[in-house]
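Order of appearance sets the numbers: ligands from 1, and atoms from 1 within every ligand. Because the structure is predicted, anything quoted here is derived from the model rather than measured.
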Amino acid sequence: MEKESEKKTADIDNGVVAMAVRYQGFDPAAYLQYNYTPPRADFQRSDSIVPWKLSCLHKAFTEGDIDGDLLVDIGTGPTLYQVMSGCEVFRRVILTDFLEVNRKELKTWLGGGSGSLDWTPYLEYVCQLEGRSSSAASDKASRLRSAVTDVLPIDVHRQQPLASGALPPTGADCLVSCFCLESVSPDVASFNRALGNISTLLRLGGHLLLIGALGESFYLGGPGLQIPVVPLDEAQVCNSLKATGFALVQLSVYTLPPDMRVGVDDVSGVFFAKARKL
Ligand SMILES: C[S@@+](CC[C@H](N)C(=O)[O-])C[C@H]1O[C@@H](n2cnc3c(N)ncnc32)[C@H](O)[C@@H]1O
Ligand SMILES: O=[N+]([O-])c1ccc2c(c1)CN[C@@H](CO)C2
């Protein structure tokens, strides 16, 4: 007779395995097209989502309470915007993703190639936020390429998400993770476990910058590929951070205007959380 706890563990594993199978069809180029081109990435619009995210990250990295040597991005995907501010603050940046197709996309750009998206407008926008002329975008690209030392496989559902020895014994000084945990977890319990797992990568007192979807139940990971998302609200985000040993420093929320709802998901809002590991 299977014990309740054994059944529960089996259910947990089945949900995570099903999610991993779903991700095998993930299409980086399509994902970038859906989420990182206008209207969601329109640098002429003050109410576009991507400029809002870049402003949150710029402010968080430059307001004076974050420092250290090593920044790690969790579930980087095929995107680089997450570390365009952080690469000026940290000597070393490590990117991570579950899928080889995404790690390859990142390595192509990092190697000087042009990937599936032109990141120049992003680099120019972050340069403006930093008070530099947008012609400094190429300098920032060089800075980013030199700061990123590794692009590693990761699985946030493992108690040890990275291979042993991937990080220094003291761990990362700062983690950033965007639209990952809720997009890879079958339910809130799995989301909380994954948050606890990535916390083990961060040193005590280190910061976590978490961007995620609010009220989202699915998104398109490629043409016709619906990927389930665990719907979160602000209260759940705060509770999950507290339950996994973080002190919330700041929480900001962006509510999507109607024309940002373009049919590639059912997200209603985006949260930005800055938290510190106690
Ligand atoms: C919605 S995308 C987010 C991509 C990017 N961070 C962004 O801000 O757009 C979710 C990412 O999680 C990755 N992923 C899927 N399963 C994962 C797992 N078990 N552990 C870590 N990352 C995973 C996917 O490969 C994908 O790149
Ligand atoms: O508007 N955006 O900048 C944006 C970027 C990425 C993602 C979303 C929205 C919403 N869906 C998530 C996947 O759960 C991925």
Side-chain angles (χ1 to χ4, degrees), residues 13 15-28 30-43 45 47-57 72-84 95-106 117 122 151-162 175-186 190-191 193-195 197-198 201 209-222 225-232 254-257 259-272:
D13 293 346
V16 161
V17 167
M19 188 65 78
V21 169
R22 189 70 69 100
Y23 267 97
Q24 297 316 304
F26 189 85
D27 178 339
Y31 175 77
L32 290 166
Q33 182 62 30
Y34 298 156
N35 293 293
Y36 293 99
T37 60
R40 291 184 166 189
D42 184 340
F43 297 96
R45 278 184 60 167
D47 66 342
S48 184
I49 307 176
V50 168
W52 180 83
K53 295 195 292 183
L54 292 173
S55 301
C56 288
L57 289 163
V72 178
D73 184 278
I74 306 293
T76 307
T79 63
L80 287 151
Y81 73 91
Q82 309 93 299
V83 291
M84 288 180 179
L95 307 180
T96 70
D97 201 75
F98 183 70
L99 295 176
E100 170 57 28
V101 285
N102 287 328
R103 299 194 298 268
K104 183 173 179 297
E105 179 73 29
L106 296 170
L117 188 79
Y122 289 70
V151 181
L152 302 178
I154 191 167
D155 182 349
V156 298
H157 298 307
R158 292 174 181 267
Q159 288 186 350
Q160 188 177 325
L162 294 172
L175 300 181
V176 56
S177 186
C178 303
F179 299 111
C180 179
L181 304 186
E182 72 279 5
S183 304
V184 306
S185 299
S190 174
F191 173 87
R193 279 192 300 276
L195 187 55
N197 294 341
I198 69 170
L201 304 174
L209 304 183
L210 195 63
I211 291 180
L214 294 172
E216 186 176 54
S217 68
F218 82 93
Y219 81 100
L220 291 184
L225 178 68
Q226 274 207 2
I227 294 179
V229 178
V230 55
L232 301 176
Y254 169 98
T255 300
L256 271 77
D259 68 344
M260 293 287 162
R261 301 175 194 230
V262 295
V264 297
D265 51 45
D266 61 351
V267 68
S268 61
V270 178
F271 69 86
F272 173 84

TODO: Quick one: look at Gln82 and ligand 1, take heavy-atom pairs under 4.0 Å, and tell me if it's side chain, backbone, both or neither.
DONE: side chain
TODO: Kindly confirm or rule out an N or O of Phe26 lying under 3.5 angstrom from an N or O of ligand 1.
DONE: no
Task: Ser183, any N or O under 3.5 Å of ligand 1 N or O - done: no
TODO: Taking the six-membered ring for Trp and the full ring for Phe, Tyr or His, determine whether the centres of Tyr81 and Tyr36 are under 6.0 Å apart.
DONE: yes
Task: Atom indices of ligand 1 within 4.0 angstrom of Thr79 heavy atoms, with elements - done: 5 (C), 7 (C), 8 (O), 9 (O)
Open item on the list: Using a plain distance cutoff, I'd like to know if Asn102 has any nitrogen or oxygen under 3.5 Å from a nitrogen or oxygen of ligand 1.
Closed with: yes
Task: Tyr36 N/O under 3.5 Å from ligand 1 N/O - done: yes
Open item on the list: So if I count the atoms of ligand 1 from 1 in the order they appear, which ones are less than 4.0 Å from some heavy atom of Ile154?
Closed with: 20 (N), 21 (C)
Open item on the list: Tell me the nearest of Val229, Val156, Ile227 to atom 21 (C) of ligand 1, using heavy-atom distances.
Closed with: Val156
Task: Option passing side chain to side chain contact (heavy atoms under 4.5 Å, CB included) with Ile74 (candidates Ile198, Val176, Asp97, Leu210) - done: Ile198
- [ ] Number the atoms of ligand 1 from 1 as they appear, then name those within less than 4.0 Å of a heavy atom of Gly77, with their elements.
- [x] 4 (C), 27 (O)
Task: For Leu99, atoms of ligand 1 separated by under 4.0 Å from a heavy atom - done: 25 (O)
Open item on the list: Considering both backbone and side-chain atoms of Thr76, is one of its nitrogen or oxygen atoms within less than 3.5 Å of a nitrogen or oxygen in ligand 1?
Closed with: yes
Task: N or O pair under 3.5 Å between Pro78 and ligand 1 - done: no
- [ ] Do me a favour and list the nearest non-hydrogen protein atom to atom 4 (C) of ligand 1 with residue, atom name and distance?
- [x] Tyr31 OH, 3.6 Å
Task: Heavy atom of the protein closest to atom 23 (C) of ligand 1 (residue, atom name, distance) - done: Phe98 CB, 3.3 Å
Task: Protein residues that have a heavy atom under 4.0 Å from any atom of ligand 2, sorted by chain and number - done: Tyr31, Asn35, Tyr36, Arg40, Ile49, Val50, Lys53, Phe179, Ser183, Glu216, Tyr219, Val229, Asp265
Task: For atom 8 (O) of ligand 1, the protein heavy atom that lies nearest, with its residue and separation - done: Tyr81 OH, 2.6 Å
Task: atom 19 (N) of ligand 1 [closest protein heavy-atom partner, distance rounded to 0.1 Å] - done: Asp155 OD1, 2.9 Å
Task: Closest protein heavy atom to atom 13 (C) of ligand 1, given as residue, atom name and distance to 0.1 Å - done: Asp97 OD1, 3.4 Å
Task: Plane angle bin for Tyr31 and Tyr219 - parallel if under 30°, tilted between 30 and 60°, otherwise perpendicular - done: perpendicular
Task: Protein residue, atom and distance nearest to atom 1 (C) of ligand 1, heavy-atom basis - done: Phe179 O, 3.1 Å
- [ ] Heavy-atom distances under 4.0 Å are what count here, so tell me which part of Val184 touches ligand 1: side chain, backbone, both or neither.
- [x] side chain
Task: Criterion side chain to side chain contact (heavy atoms under 4.5 Å, CB included) against Val270, the qualifying member of Leu214, Ile211, Thr255 - done: Ile211
